[in-house]
2 protein chains.
Amino acid sequence: MVVHELSELEIDRIFQAMADATRRDIIKQAMLREQSVSELAKRYRMSFAAVQKHVAVLERASLITKEKRGREQLVHGNPAMLHRAAQLLDAYEDIWRQRANRIGELLSEPSQGMES
Amino acid sequence: MVVHELSELEIDRIFQAMADATRRDIIKQAMLREQSVSELAKRYRMSFAAVQKHVAVLERASLITKEKRGREQLVHGNPAMLHRAAQLLDAYEDIWRQRANRIGELLSEPSQGMES
DNA sequence: TTCATGTACAACCATTTGGTTGTAGGTTAC
DNA sequence: GTAACCTACAACCAAATGGTTGTACATGAA
């Protein structure tokens with residue numbers, strides 16, 4: 001199942017969203033259990049509005065989703081997006097492994113003057 | 001082998017460094033083969049100084065290292081750091097899997113009124 | 001030596017980011 | 001109905017980001 005290739009802009013947003021300790025903690029909390037924005041906000045030493053903005057950044061990156069229930073806005077994590085981000089990093093590692101293999105092959109090839 | 005736990009600040013830097021398409025391409029290039037900064041700079045439609053700054057951001061995040069040779073500064077990738085970043089994302093996925101397992105266990109437990 | 005190349009770094013600028021306070025509107029509880 | 005709660009959103013601010021140009025210096029090539 002190909003899920004829709006990520007655009008450079010979407011990748012920018014994912015990494016940028018992960019680049020803040022408060023947001024990483026919000027992700028963790030939302031993965032552990034669905035929580036309202038104000039419930040999340042109580043955990044951090046900053047205003048409700050600030051937490052609201054962090055949640056918006058995570059939502060724009062599709063790392064979390066919001067669901068309205070009554071007066072609350074419930075936040076829950078989107079593990080599929082995290083998985084895709086992890087795969088992205090793996091892809092860079094793969095480039096390295098391929099290079100390492102290439103070098104390995106070159107080293108194990110007999111050099112020009114070595115035929116018996 | 002525990003390599004030295006990453007601090008929140010280091011994690012910030014890794015993700016922030018990955019959050020730019022030019023920098024992600026520089027990483028890719030450096031993983032493919034060692035290149036000088038000016039050699040890299042030719043690839044992008046921006047000034048040498050701009051590329052120099054991107055390289056500095058990547059270096060601060062330990063995603064690449066520089067090695068001086070003659071008048072050139074050779075850039076090469078640090079796959080170990082990429083690996084750690086990927087593991088970090090996996091950790092968030094693990095939180096989700098644990099929750100999923102927990103829910104699964106709850107669902108498979110017999111409910112209060114079900115004993116025969 | 002002289003010139004071209006590769007780098008470092010400062011100064012500057014526009015935009016984005018991460019925080020604040022304040023105001024307003026919808027929903028629940030009493 | 002009224003008060004308390006949850007959210008949305010605007011306006012503002014300081015600091016960081018991503019780019020530029022310009023200057024200076026070290027190294028390699030002719």
Side-chain angles (χ1 to χ4, degrees), chain A residues 7-30 33-77 85, chain B residues 7-30 33-77 85:
Chain A
S7 71
E8 290 296 306
L9 195 87
E10 288 170 311
I11 299 174
D12 283 359
R13 286 177 178 161
I14 292 170
F15 285 121
Q16 205 252 330
M18 295 295 299
D20 179 282
T22 303
R23 286 197 292 265
R24 286 193 299 274
D25 196 71
I26 291 175
I27 289 181
K28 191 189 292 182
Q29 295 304 324
R33 65 180 188 82
E34 195 175 56
Q35 292 175 64
S36 72
V37 179
S38 56
E39 200 171 358
L40 282 169
K42 284 174 204 151
R43 301 188 143 266
Y44 313 103
R45 301 187 322 156
M46 66 184 75
S47 67
F48 172 79
V51 173
Q52 218 178 6
K53 280 195 189 178
H54 282 307
V55 168
V57 170
L58 290 169
E59 194 182 16
R60 211 174 56 136
S62 304
L63 287 166
I64 57 115
T65 54
K66 287 195 297 183
E67 184 196 352
K68 189 163 189 166
R69 198 173 60 192
R71 65 182 163 187
E72 295 183 335
Q73 197 76 264
L74 298 182
V75 176
H76 47 271
Chain B
S7 70
E8 290 297 307
L9 196 89
E10 288 170 311
I11 299 173
D12 284 359
R13 286 179 178 161
I14 292 171
F15 285 121
Q16 205 252 330
M18 296 295 299
D20 179 281
T22 303
R23 285 197 292 264
R24 287 194 298 274
D25 196 71
I26 291 176
I27 289 182
K28 192 190 290 181
Q29 296 303 325
R33 64 179 188 84
E34 194 175 57
Q35 293 174 64
S36 72
V37 178
S38 56
E39 200 170 358
L40 282 169
K42 284 175 203 147
R43 301 189 142 264
Y44 313 103
R45 302 186 323 155
M46 67 184 75
S47 67
F48 171 80
V51 174
Q52 218 177 8
K53 280 195 191 179
H54 282 307
V55 168
V57 169
L58 290 169
E59 195 182 16
R60 212 174 53 136
S62 304
L63 288 166
I64 57 115
T65 54
K66 286 196 296 184
E67 182 196 352
K68 190 163 189 166
R69 197 174 60 194
R71 64 181 164 189
E72 296 183 334
Q73 197 76 263
L74 298 181
V75 176
H76 47 271

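In what follows, chains are A, B, ... by sequence order, proteins preceding strands, each numbered from 1.
Nucleotides of DNA chain C lying under 4.0 Å from heavy atoms of chain A occupy a range whose first and last members, 5' to 3', are C:dT17 to C:dT28.
For B:Arg71, there are no side chain to side chain donor-acceptor pair (under 3.5 Å) partners two or more places apart in sequence or in a different chain. With sequence neighbours left out, the salt bridge (charged side-chain N to carboxylate O under 4.0 Å, His left out) criterion links A:Glu39 to A:Arg33. Legend: residues meeting side chain to side chain donor-acceptor pair (under 3.5 Å) with B:Gln29, ordered by chain and number and at least two apart, are B:Arg43. Listed by chain and number, the residues in a side chain to side chain contact (heavy atoms under 4.5 Å, CB included) with A:Thr65 are A:His76 (sequence neighbours excluded). Shown here are the side chain to side chain contact (heavy atoms under 4.5 Å, CB included) partners of A:Ala56, two or more places apart in sequence or in another chain: there are none.
Rounded to a whole Å, the CD atom of A:Gln35 is 19 Å from the P atom of D:dC5. Separating the NZ atom of A:Lys66 from the C1' atom of D:dC9 is a distance of 11 Å, rounded to the nearest angstrom. In this structure, B:Lys53 places its NZ atom 11 Å from C1' of D:dA16, rounding to the nearest Å. Across the protein-nucleic acid pair, A:Glu72 atom CD and D:dA8 atom P stand 12 Å apart, rounded to whole Å.
A salt bridge (charged side-chain N to carboxylate O under 4.0 Å, His left out) check over residues 11-29 of chain A, counting only residues at least two apart or in different chains, returns the pairs A:Asp12-B:Arg24, A:Arg24-B:Glu8, A:Arg24-B:Asp12. The salt bridge (charged side-chain N to carboxylate O under 4.0 Å, His left out) contacts involving residues 56-66 of chain B comprise B:Glu59-B:Lys66, where partners must be two or more places apart or lie in separate chains.
DNA chain D is contacted by A:Val37, A:Ser38, A:Phe48, A:Ala49 of residues 37-50 of chain A, taking any non-hydrogen atom closer than 4.0 Å. Against DNA chain D, the stretch residues 12-25 of chain A makes no heavy-atom approach under 4.0 Å.
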Generate the contact string for nucleotides 25-30 of chain D. Rules: B means base contact, S means sugar-phosphate contact only, - means no protein heavy atom under 4.0 Å.
--BS--

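Between the side chain of A:Glu72 and the backbone N or O of A:Arg69, no donor-acceptor pair lies under 3.5 Å.
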For A:Met18 and B:Met18, what are the C-alpha separation, side-chain angles and deciding distance, and is it a side-chain contact (heavy atoms from CB on, under 4.5 Å)?
CA-CA 10 Å; A:Met18 295 295 299; B:Met18 296 295 299; over 6 Å; no

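Consecutive Watson-Crick or G-U pairs involving DNA chain C, each under 3.5 Å on both distances, make up stems of three or more pairs at C:1-30 with D:1-30.
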